[in-house]
Amino acid sequence: MKKAIKWILWIILGIGLILIPKIFGIYYTNFFVSLAIMAVFSQSINIELGYTRILNFGHAMFFGMGGYGAAQALALIPGMPILGAVLCGMLGGGLLALVLSPLVVRVSGMACAMLHVAFNALFFMLAMKLRPLTGGEDGISGFPIPPFNIPGIISIDMTNPLNFYYFAVAVLGISMWLMWYFTKTPFGQIMIGIRDNPKRVNYLGFKVPESRALVYIVGGSFAGVSGSMYALFQNLFSSDATSGLNSFQPVLMTMVGGIGTFIGPIIGSAFFSVVEELARRYTERVELVMGLTLIIVILFAPMGFMGLYRDLKARWGKAPSLPKI
Amino acid sequence: MDPTTAMYVSQGIHGLAYGMILFLVASGVSLIIGMMHIFNLAHAGFFMLSAYFTYQFVAWTGNFWLALLLAPIATGFCGMLMERFLLRPLRGSGVIGDLILTVGVALCIDALVKVIWGTANKPLSKPPLLQGMVHFAGLDYPYYRLFVIGLAVVVLLIMALLLYKTRIGKIVRAAVSDNDMVNALGINIPLLFTFVFGVGIWLAGVAGAAIAPILSVFPGLALQMGMDAFIVVAVAGFGSLRGAFMVSILFGLMNSYGVQFISQLAPLSMFIFMAIVMIFFPHGFFGESEEE
Amino acid sequence: MNILETKGLFHDYSGLEVLFDVNLQIEEGERHAIIGPNGAGKTTLFNTITGTCCPSRGKVFFKGKEITGYPPYKLTRLGMGRSFQLTSTFDRLVTFQNVRLAVLSKRGIRFNLFKKVDKMTDVNLETLEIIKRINLDQEILVPASLLSYGKHRSLEISMALATNPDLILLDEPTAGMSRDETHTAVEMIKRLTAGKTVVVIEHDMDVVFSLADRITVLHYGKILATGAPDEIRNNQAVKDAYLGESENGGITTRHSA
């Protein structure tokens with residue numbers, strides 16, 4: 001019975017996603033794509049920050065590696081398939097995480113956060129200065145967006161926004177599902193264990209540093225996916241997207257939604273995107289609205305929306321409340 | 001003295017002045033971290049706010065000295081309000097809440113400044129008394145920068161006296177090392193927190209007011225100072241005032257000589273420096289590793 | 001055969017000697033208690049054995065193999081389990097998840113990324129069984145941090161046991177428990193550790209004498225005496241050491257909590 005309801009919900013969600021362009025028109029379809037990219041980006045930081053407590057405040061580096069990876073792959077290699085470009089982005093993010101992982105393994109806590117801000121700033125500077133590689137502030141643009149090809153069967157034009165929407169939903173949906181699955185494996189339990197009590201995890205016979213490194217690489221890879229989708233979506237990737245500010249945004253979204261819960265970053269991204277869109281449309285002071293929203297949300301829901309939901313549920317006696325982190 | 005040496009010396013003075021300003025800001029950040037374990041991301045925002053207050057007071061009264069006195073106090077008061085009405089209700093909900101809140105405040109300050117004063121540069125002239133150069137040993141020193149250095153030294157001496165010679169200073173130092181202990185002694189910790197937060201913001205305010213005539217006042221001030229102060233605190237280590245002082249001065253000098261010799265790479269070099277330091281000293285030069 | 005042996009173990013903590021030439025021999029299958037006044041270095045001894053910190057000198061042997069300075073996870077895999085004096089569980093995870101992590105470790109499931117843990121029936125069944133054995137089946141879905149103190153301690157001990165170690169080191173398993181809770185806990189420890197080697201640090205002499213086959217007395221980082229409970233009770237040096245600071249829980253059978 002419960003399973004049936006679950007399936008029905010999934011089907012409704014699927015139909016809803018298919019119908020979005022028909023109902024809302026192309027402007028909001030594009031809005032939805034950028035929201036979904038942000039959601040995957042936020043989720044990839046949530047896995048590190050919320051699940052494992054790796055204080056990575058330089059996530060835009062991995063986003064950047066994804067974006068540059070995909071853009072350069074398309075610009076330099078003729079005949080690069082679109083999924084190949086996404087894969088290049090994913091590899092880019094993962095590779096950078098692999099290179100940086102020895103540091104994360106050695107350092108934890110606030111020092112880890114500082115280290116990431118430092119590296120992010122360095123990365124941003126390099127992205128601006130290394131013009132031959134990154135195009136600097138103008139970025140890499142105008143690279144071809146190849147059609148989605150399954151040889152002999154089908155070839156879908158990806159410059160059509162509607163087609164791209166379905167492609168993006170598929171890629172981002174699969175990424176989201178993979179990350180969800182990741183948190184549900186035994187390893188996912190070890191991750192949460194490391195967040196709560198690394199010493200105990202060590203004494204249970206698990207290797208903490210290696211586990212942290214693995215989470216870091218997975219998080220970096222999916223940030224790479226979101227970066228590459230961003231590059232494909234905009235047909236442009238510039239150094240702006242790798243700035244420290246862009247590292248902070250998914251963290252804020254995750255926190256506002258509810259850190260350490262899977263649904264939190266999705267809610268947070270949706271909330272942020274909608275508030276930003278409304279602010280842009282009806283006021284001239286986007287920053288002010290965002291700042292005030294942040295303050296209000298945090299005063300009333302210090303653990304984000306999911307924390308608020310849990311507290312309310314606890315108040316009605318349905319579930320025990322959890323300690324704050 | 002030949003022109004090259006003259007250039008070295010005058011760059012040194014520039015660097016020293018900037019380093020002192022930087023230290024005023026960084027010491028506030030350090031004080032708040034040490035005392036309340038809050039990394040205040042809105043700190044540089046208050047620094048900028050004070051610069052704007054200074055501009056406004058000068059515009060109203062025409063008296064720079066009055067502005068220099070009042071602007072930091074007004075800024076410190078704003079900081080106390082923030083602590084009392086925003087940070088205090090949030091106490092105990094963890095690092096994450098504090099972080100979002102301070103980002104929110106930083107965004108608000110940034111936006112408010114633009115709403116009230118616009119985005120254009122607001123020039124502020126140096127007070128007549130401090131315009132011009134002082135001649136010594138065949139060299140010209142800009143008066144105002146010497147004054148900034150002197151002001152910072154005076155403020156720091158006052159702070160040191162407060163911290164080491166008064167009862168409240170002793171309590172603050174005790175609270176930095178052990179909050180519960182001081183609480184047990186029957187000292188009003190929330191009030192103390194508000195006070196210390198206010199003092200930390202006031203320090204940033206002094207820096208903002210002092211720097212207003214050197215740099216022009218504009219909305220990007222917070223980001224620029226925020227980044228620099230952040231690097232200082234990170235390289236020095238959390239809660240270490242001594243470390244923050246040395247790194248600030250080093251940073252100021254590196255900055256001014258860096259601009260001279262490798263102007264293209266000066267900003268980059270700071271970050272490379274920071275990255276290298278943090279690889280080998282993850283907790284900063286003077287910081288202690290925290291227990292997980 | 002000695003399952004655990006330390007040879008000339010020294011440890012100094014910024015100049016202060018905490019352990020001084022400790023030679024400990026634990027026989028396979030025995031229940032060994034380590035007692036001593038506060039600050040005698042009992043927990044430090046555990047820490048140097050289980051890899052929290054390295055001894056400054058000396059060697060540790062486990063099952064005849066030198067393990068000095070091995071990290072905790074390696075020792076756990078070799079078959080050593082440990083509980084902590086200050087309860088150390090996963091606070092935001094529920095009882096079930098806490099124990100399940102230990103079961104996963106025991107079965108060597110570490111980097112498995114292809115199966116959902118909820119679908120691993122045998123793991124979950126075993127977890128349930130362990131929880132029943134420690135009488136926590138009512139609290140199976142309660143976050144560890146919300147358990148009552150006694151139950152939280154039981155969880156702590158059961159997690160050290162759930163990896164099925166050959167040697168179990170318990171650091172004050174009954175610390176802070178009420179008399180009833182202590183009694184239950186001791187029965188539980190006896191039941192769950194049947195046939196295994198147990199080393200236990202304990203202040204409560206009731207527990208010590210009801211649990212231990214042999215006792216080692218640690219005093220200012222040195223071993224004062226080792227022997228059967230009766231020998232220790234009658235040992236003059238031990239009496240002197242304890243009488244010297246009778247405030248600190250003399251060697252009577254008075255309950256100390």
Side-chain angles (χ1 to χ4, degrees), chain A residues 3 47 50-53 105 177-215 217-218 221 258-262 303 306-307 310-311 313-314 317-325, chain C residues 46-47 50-52 71-84 86-94 96-120 123 139 141-147 156 159-160 162-165 169:
Chain A
K3 212 157 194 180
I47 281 184
Y51 280 87
T52 325
R53 207 150 227 275
V105 166
W177 182 80
L178 283 173
M179 282 190 274
W180 176 78
Y181 199 88
F182 183 62
T183 64
K184 291 292 172 193
T185 59
F187 186 76
Q189 293 284 297
I190 299 171
M191 276 158 58
I192 302 175
I194 291 174
R195 174 189 71 193
D196 278 6
N197 193 341
K199 184 175 80 174
R200 184 41 118 177
V201 172
N202 196 349
Y203 270 99
L204 280 180
F206 301 110
K207 295 181 184 175
V208 176
E210 283 82 347
S211 307
R212 280 167 64 95
L214 181 63
V215 174
I217 292 167
V218 169
S221 303
I259 197 160
T261 62
F262 194 81
M303 289 305 294
M306 286 312 286
R310 227 172 14 227
D311 284 352
K313 232 164 85 174
K318 283 195 180 146
S321 69
L322 281 181
K324 313 241 189 286
I325 40 171
Chain C
F46 267 27
N47 283 346
T50 62
T52 308
Y73 75 88
K74 246 184 188 167
L75 295 172
T76 307
R77 291 179 189 183
L78 286 174
M80 195 190 280
R82 181 191 173 171
S83 81
F84 293 89
L86 295 169
T87 314
S88 178
T89 56
F90 305 110
D91 287 351
R92 288 162 60 83
L93 294 184
V94 298
F96 183 76
Q97 290 168 312
N98 267 282
V99 177
R100 188 167 61 184
L101 265 172
V103 174
L104 286 172
S105 160
K106 173 192 153 194
R107 290 172 173 249
I109 303 170
R110 293 176 194 122
F111 286 89
N112 186 336
L113 297 175
F114 300 104
K115 202 155 185 234
K116 277 204 233 169
V117 70
D118 288 341
K119 296 237 165 99
M120 295 177 161
V123 170
E139 287 83 4
L141 291 179
V142 177
S145 57
L146 300 179
L147 290 173
E156 163 80 30
M159 280 171 71
T163 53
N164 200 22
L169 299 121

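We name chains A, B, ... by the order of the sequence lines, and we start the count at 1 in each one. Hydrogens, waters and symmetry mates play no part in the numbers below; they use all other heavy atoms, side chains included.
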Specify which of [options] makes the most heavy-atom pairs with chain A at under 4.5 Å.
options: Lys106(C), Gln97(C), Lys115(C); result: Lys115(C)
options: Leu104(C), Leu113(C), Thr163(C); result: Leu113(C)
options: Gly108(C), Ser88(C), Gly81(C); result: Ser88(C)
options: Leu78(C), Thr52(C), Asp118(C); result: Thr52(C)

* Using non-hydrogen atoms and a 4.5 Å limit, figure out which bit of Val201(A) sits close to chain C: side chain, backbone, both or neither. => both
Donor-acceptor contact below 3.5 Å, side chain [X] vs main chain [Y]:
X: Asn197(A); Y: Thr89(C); result: yes
X: Tyr181(A); Y: Phe114(C); result: yes
X: Thr76(C); Y: Tyr203(A); result: yes
X: Asn112(C); Y: Pro186(A); result: no

* Asked: Where is the tightest heavy-atom contact between Ser105(C) and Phe206(A), given as atom of each residue plus distance?
  -> CB-CZ, 3.4 Å
* Asked: How far apart are the closest heavy atoms of Asp196(A) and Asp91(C), and which atoms are they?
  -> OD2-N, 3.4 Å
As an exercise, state the distance from [atom1] of [X] to [atom2] of [Y], rounded to the nearest 0.5 Å.
X: Asn98(C); Y: Arg200(A); atom1: CG; atom2: CZ; answer: 9.0 Å
X: Lys116(C); Y: Thr185(A); atom1: NZ; atom2: OG1; answer: 11.0 Å
X: Ile109(C); Y: Gln189(A); atom1: CD1; atom2: CD; answer: 11.5 Å
X: Met159(C); Y: Leu204(A); atom1: CE; atom2: CG; answer: 5.0 Å

* Between Phe111(C) and Phe187(A), is the gap from one ring center to the other below 6.0 Å? -> yes
* Using non-hydrogen atoms and a 4.5 Å limit, figure out which bit of Met80(C) sits close to chain A: side chain, backbone, both or neither. => neither
